[in-house]
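Pasting a structure here, questions to come.
So that the names make sense, note that chain A is the first sequence line, chain B the second, and so on, each numbered from 1.
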Amino acid sequence: EAGVAQSPRYKIIEKRQSVAFWCNPISGHATLYWYQQILGQGPKLLIQFQNNGVVDDSQLPKDRFSAERLKGVDSTLKIQPAKLEDSAVYLCASSLDPSSLNEQFFGPGTRLTVL
Amino acid sequence: AQSVSQHNHHVILSEAASLELGCNYSYGGTVNLFWYVQYPGQHLQLLLKYFSGDPLVKGIKGFEAEFIKSKFSFNLRKPSVQWSDTAEYFCAVNAGSSASKIIFGSGTRLSIRP
């Protein structure tokens, strides 16, 4: 079974530039999550999708971050414009459904450095 | 609001030593508890989870964790560590509602001396 795919693996940009990350979840997984993991901290949920609808985006900085999952499969997360404090690893995860009984499977992450 | 505390940021042990990593959470109601592990260069993966029933949960690779409700704790244990256990370990919690988000602790880096 293929895992959660993410690209790119690394990205370096200057502040005020834009960046986009892509995630392809495990086939058949209806729920998709984007997390931000700052160095020395645990992952923090940014947004959760159920199919192509948003379940929770309460911690997404909506003035600069946006995410979509138009066809209910793969997803993109965008930052525009980036700030220095956005330097982090962005993790994508998927699960069969939103129930906490279902394990979340994580991708390798995209390491973003903002200069 | 829910929160998770992992008090040990970096633990260094020799092979065959016993391991206990602390995890405390703050939430008064029913909780689901998790330990995730990230081996060097690998993805974050589930080590074990507790939803209900026996408070002593066994996971992969000989790990276990005990849920002590009165102490709001879910400590991870292994009787004899191996060099291959070198990794970062994250405790996580969510409230009883099935759709609520998982809150992660800040992680504990475990280094095993061969």
Are any non-hydrogen side-chain atoms of B:Tyr36 and A:Pro43 less than 4.5 angstrom apart?
no

Can you tell me if CG on A:Leu84 sees more than 12 non-hydrogen neighbours from other groups inside 6.0 Å?
yes

Identify each donor-acceptor pair in which a side-chain atom of residues 10-23 of chain A lies under 3.5 Å from a protein atom, sequence neighbours left out, and give them as a table.
{"from": "A:Gln17", "atom 1": "OE1", "to": "A:Glu14", "atom 2": "N", "distance (Å)": "2.8"}
{"from": "A:Trp22", "atom 1": "NE1", "to": "A:Asp74", "atom 2": "OD2", "distance (Å)": "2.9"}

Could you give all pairs that pass the salt bridge (Lys or Arg N to Asp or Glu O under 4.0 Å) test and reach residues 71-85 of chain B, with sequence neighbours left out?
B:Glu64-B:Arg77, B:Glu66-B:Arg77, B:Lys78-B:Asp85

What residues of residues 4-17 of chain B sit under 4.5 Å from chain A when only non-hydrogen atoms are counted?
none

Need one label for A:Gln50: side chain, backbone, both or neither, based on atoms under 4.5 Å from any heavy atom in chain B.
neither

State yes or no: do A:Leu77 and A:Ile26 share one hydrophobic cluster built from I, L, V, M, F, W and Y residues joined by side-chain heavy-atom distances below 4.5 Å, directly or via other members?
no

So which atom in B:His43 and which in A:Val4 form the shortest heavy-atom distance, rounded to 0.1 Å?
CE1-O, 4.4 Å

State which residues pass salt bridge (charged side-chain N to carboxylate O under 4.0 Å, His left out) with A:Lys71; sequence neighbours excluded, sorted by chain then number.
none

Under 4.5 Å between side-chain heavy atoms, hopping through other hydrophobics if needed: is there a path connecting B:Leu33 to B:Tyr89?
yes

I'd like to know if B:Leu21 and B:Ile103 are part of one continuous hydrophobic network [Ile/Leu/Val/Met/Phe/Trp/Tyr, side-chain heavy atoms within less than 4.5 Å].
yes

Residue part contacting chain B, namely of A:Thr31, when any heavy atom lies under 4.5 Å
neither

Would one find more than 12 heavy atoms of other residues, nucleotides or ligands at under 6.0 Å from atom CD of A:Gln80?
no

When rounded to the nearest 0.5 Å, the distance separating CG of B:Leu44 from OH of A:Tyr35 is 9.0 Å

Any link between A:Val73 and A:Leu91 through a network of hydrophobic side chains (Ile, Leu, Val, Met, Phe, Trp, Tyr) touching at under 4.5 Å?
no

To the nearest 0.5 Å, atom CD of A:Glu103 lies from atom CZ of B:Phe34 at 9.5 Å

